[in-house]
2 protein chains.
Amino acid sequence: MRSRTEVQLLQRLSRGSASVWELLDAQDSSLRGFYAALEELKERGLIEIAGGKVSLTHAGMERASQLKAKFFDFKCSACDAKGYVIPPDFEEVARAFYKIAERRPLPVEDYDQGYIAPEDVLRRVAFMYERGDLAASEILVIGDDDLLSIAAALTGLPSRVIAIDIDERLVSFINSVAEEHNLNLEARSYDVQEPLSEDLARSFDVFVSDPVETIEGIKLFLSRGAASLRGEGSAAYFGLTTLEASRKKWYEIQRMLHEMGFVVTDIRRRFSVYPCEDTNFFRYQDKLPIVKKLRVPCDYHWFRSALYRIEAIREPEPLITGKIKLGDKFYHDEECWATPE
Amino acid sequence: MRSRTEVQLLQRLSRGSASVWELLDAQDSSLRGFYAALEELKERGLIEIAGGKVSLTHAGMERASQLKAKFFDFKCSACDAKGYVIPPDFEEVARAFYKIAERRPLPVEDYDQGYIAPEDVLRRVAFMYERGDLAASEILVIGDDDLLSIAAALTGLPSRVIAIDIDERLVSFINSVAEEHNLNLEARSYDVQEPLSEDLARSFDVFVSDPVETIEGIKLFLSRGAASLRGEGSAAYFGLTTLEASRKKWYEIQRMLHEMGFVVTDIRRRFSVYPCEDTNFFRYQDKLPIVKKLRVPCDYHWFRSALYRIEAIREPEPLITGKIKLGDKFYHDEECWATPE
């Protein structure tokens, strides 16, 4: 019997030792699945872990050879396998955005924040542009610790960008940047537990969000987004990891999307990286059991999410419409191993 | 009002004139949608078509500026925005495959054939490798004009590759290559109207297919594929265009996948190109009305498909199990503008 995760881990380790963080990015399972696979390989005597590095034992090398686990790196190094780069005529926007992003309010745990690398935010904007979802478009960003609303507005292409967020610091930061750079952009304070205000409902061509990765959280964020869209042909973009969202959770999410009247047009794996800097998701190190035990500092940008693009094939129907009171299950479920409790 | 296709076409044309073929690849609509959009732009006096090239009129330039339709090229040129490249240690496999592909039996219309560029077949194999779906894996290829079974077997990684195809020429070509190169590969003659033979049912970790793009065709191919898989965790890869499959058809297909117990893990747009060579899809030129009228020879590899990866979250349930008799609706529906009648 083979397991996909075992094959992926042995493929990477057949090339030499790797830190736990790098290994995480060499496989597709969730954090739970990864941890279980690593423990199992250790119990079977196939790997050893020392000084934060994982390597194959002699038995592990034999098993790797039995599974034909050789290492190849097919990823395009020019774009980190993402397919999109910043061309020279976009450099000015990029530079302005990087400079603004340096001054961002730092993530706070209360709101499950953590930001995507600025270059990957631009890639997301580039992908939206290419789809015809940026120019002359009205865009709603629901929760914007990534500052995508600023990147989109800096291009000068959308007709209107609105960012809504619960964090007052972000709202005033975005508004001050909008004023300073004279952008077609407005941020408003908003709690996703409340329905969208009437002037935002059915008013947008596109919404963008990076929802909390619980079923309840995603259902709510996507419902608010669905309520913001004009109708058939409207599109949306959101990030989803495989780390905190198992295949079964993805399956449930896809059912919800279908029910709301959305077709999935793109799922781009590894499209957005959350850099492992002290300022970002600072409690990861303390939370992953294997890392906690080993006290291994992060040496690899392992937390990535896939980009979904969806399109309404009819008037979208939000699954949740009214006000809702969320408990702890909104921010956490048994798969959330990395986001703060 | 803006339409996404109008924005995409004007974005490309704002940079200068383009052939109909290149324009096709600069937008996301179906062939029908593209043709309708082009006709509409012409009627509104925004474009002119001369010598096979489309360009903006003065009114078109004004409209482009109103829609903020500027041109940027964000695509990574190192990998043609596909994210994957052939590394040096894979060159030997690549060279062997290119050489074999040169001798392929040419596509015939009877079977809706047409082949993916060999480099993109290798990219598909690379993506399968990275997912842990190649090494020590048993793989079934259902319909193999792309010769993916040969590319996969040439890596030496899968434990078994079986290709099944209705075209006897392909079956004997694949078997002769397998013998010549001593590959772990077998091809068998198979008509998708028949259920899988018992020794192929529930026997594979992965299936790969490039189904006919009618709902009936896809349902049948994916059902036979589903019947071939071992169970939970088994995966599959298939191509789907946006050219002959509208968003509504994609929506239907995603419902079918969900019903069969599959989660979609990846949708990689533009991952596979069908080169516009005389030997491939040779009747396209005669079939697209706008091209037919203009007699424009193909100058751009515009026929591309997206790669789907799906994974069974439970024992997959094929929607069709028994023998089935297919009529014309199997090969054609009103969206099939490019594949031979």
Side-chain angles (χ1 to χ4, degrees), chain A residues 2-8 10-11 27-28 66-70 72-79 81-87 89-90 123 126-127 129-133 135-137 156-159 205 233 235 242 247-248 250-251 254-255 258 262-269 306 311 313, chain B residues 2-8 11 27-28 66-70 72-79 81-87 89-90 123 126-127 129-133 135-137 156-159 205 233 235 242 247-248 250-251 254-255 258 261-269 306 311 313:
Chain A
R2 66 194 282 286
S3 106
R4 173 173 299 121
T5 309
E6 182 186 6
V7 170
Q8 290 183 307
L10 295 187
Q11 281 180 169
Q27 55 85 48
D28 296 340
Q66 187 191 3
L67 286 179
K68 304 179 190 180
K70 278 201 261 185
F72 294 104
D73 186 2
F74 292 103
K75 289 195 184 73
C76 176
S77 57
C79 60
K82 289 166 189 163
Y84 291 83
V85 292
I86 307 303
D89 52 4
F90 203 73
R123 283 193 168 99
F127 192 67
Y129 161 84
E130 200 186 63
R131 305 279 71 72
D133 285 333
S137 180
L157 302 182
S159 19
D205 302 299
T242 49
R247 297 290 182 281
K248 284 184 183 170
W250 277 48
Y251 183 77
Q254 290 177 10
R255 190 192 51 72
H258 197 87
F262 290 109
V263 59
V264 182
T265 66
D266 300 85
I267 303 179
R268 294 192 75 87
R269 185 185 287 271
E311 205 173 305
I313 59 120
Chain B
R2 67 195 281 285
S3 105
R4 173 174 298 119
T5 309
E6 183 187 5
V7 170
Q8 290 182 308
Q11 281 180 169
Q27 55 85 48
D28 296 340
Q66 187 190 6
L67 286 179
K68 303 178 189 180
K70 280 200 261 185
F72 294 104
D73 187 1
F74 292 103
K75 289 194 183 74
C76 176
S77 57
C79 60
K82 289 165 189 164
Y84 291 82
V85 292
I86 307 302
D89 52 3
F90 202 73
R123 282 194 169 98
F127 192 68
Y129 161 84
E130 202 187 62
R131 304 279 73 72
D133 285 333
S137 179
L157 302 182
S159 21
D205 301 299
T242 50
R247 297 291 181 282
K248 283 182 184 173
W250 276 47
Y251 182 78
Q254 289 176 12
R255 190 191 52 71
H258 197 87
F262 290 110
V263 60
V264 182
T265 66
D266 299 85
I267 304 180
R268 294 192 75 89
R269 184 185 287 271
E311 205 173 305
I313 60 121

Checklist entry - Considering only heavy atoms, which portion of A:V7 lies under 4.5 Å from any heavy atom of chain B: side chain, backbone, both, or neither? => result side chain
Next on the checklist: Please classify the contact between B:S77 and chain A as side chain, backbone, both or neither, with a heavy-atom cut-off of under 4.5 Å.
Outcome noted: neither
Next on the checklist: Under 4.0 Å between a side-chain nitrogen and a carboxylate oxygen: does that hold for B:R131 and B:D266?
Outcome noted: no
Checklist entry - Do the side chain of A:Y251 and the main chain of B:H258 share a donor and acceptor less than 3.5 angstrom apart? => result yes
Item to check | A:R255, part contacting chain B, at a heavy-atom distance under 4.5 Å | outcome: both
Checklist entry - Taking only residues two or more places apart in sequence, or in another chain, which ones meet B:Y129 in a side-chain hydrogen bond (donor to acceptor under 3.5 Å, both in side chains)? => result none
Item to check | Heavy-atom pair count under 4.5 Å with chain B, highest-scoring of A:V264, A:L157, A:D133 | outcome: A:V264
Item to check | Top contributor to chain A contacts, counting heavy-atom pairs under 4.5 Å, from B:F90, B:F72, B:F127, B:F262 | outcome: B:F72
Next on the checklist: Taking B:K70 first and then A:D89, would you say they form a salt bridge - that is, a charged N and a carboxylate O separated by under 4.0 Å?
Outcome noted: no
Item to check | Which atoms of B:D73 approach chain A - backbone, side chain, both or neither, heavy atom under 4.5 Å | outcome: backbone
Checklist outcome for this item: Between the CZ atom in B:R269 and the CZ atom in A:R268, the distance rounded to the nearest 0.5 Å is 8.5 Å
Checklist entry - Given a strict heavy-atom distance threshold of 4.5 Å, which part of B:T5 is in contact with chain A: side chain, backbone, both, or neither? => result neither
Checklist entry - Which answer fits B:R2, side chain, backbone, both or neither, if we ask what part of it has an atom under 4.5 Å from a heavy atom of chain A? => result side chain
Checklist entry - What part of A:E311 lies closer than 4.5 angstrom to a heavy atom of chain B: side chain, backbone, both or neither? => result side chain
Checklist entry - So which of A:S137, A:S159, A:P158 has the biggest tally of heavy-atom pairs under 4.5 Å with chain B? => result A:S137
Checklist outcome for this item: Okay, B:A306 and chain A: the region with an atom under 4.5 Å from a heavy atom over there is neither
Item to check | Most contacts with chain A, counted as non-hydrogen pairs under 4.5 angstrom, among B:Q11, B:K248, B:K75 | outcome: B:Q11
Checklist entry - Any donor and acceptor pair, going by atom type alone, linking the side chain of B:Q8 with main-chain N or O of B:D28 inside 3.5 Å? => result yes
Checklist outcome for this item: Rounded to the nearest 0.5 Å, the OG1 atom of B:T242 sits from the CH2 atom of B:W250 at a distance of 6.5 Å
Checklist entry - Can you name the residues that form a side-chain hydrogen bond (donor to acceptor under 3.5 Å, both in side chains) with B:D205, not counting sequence neighbours? => result B:R230
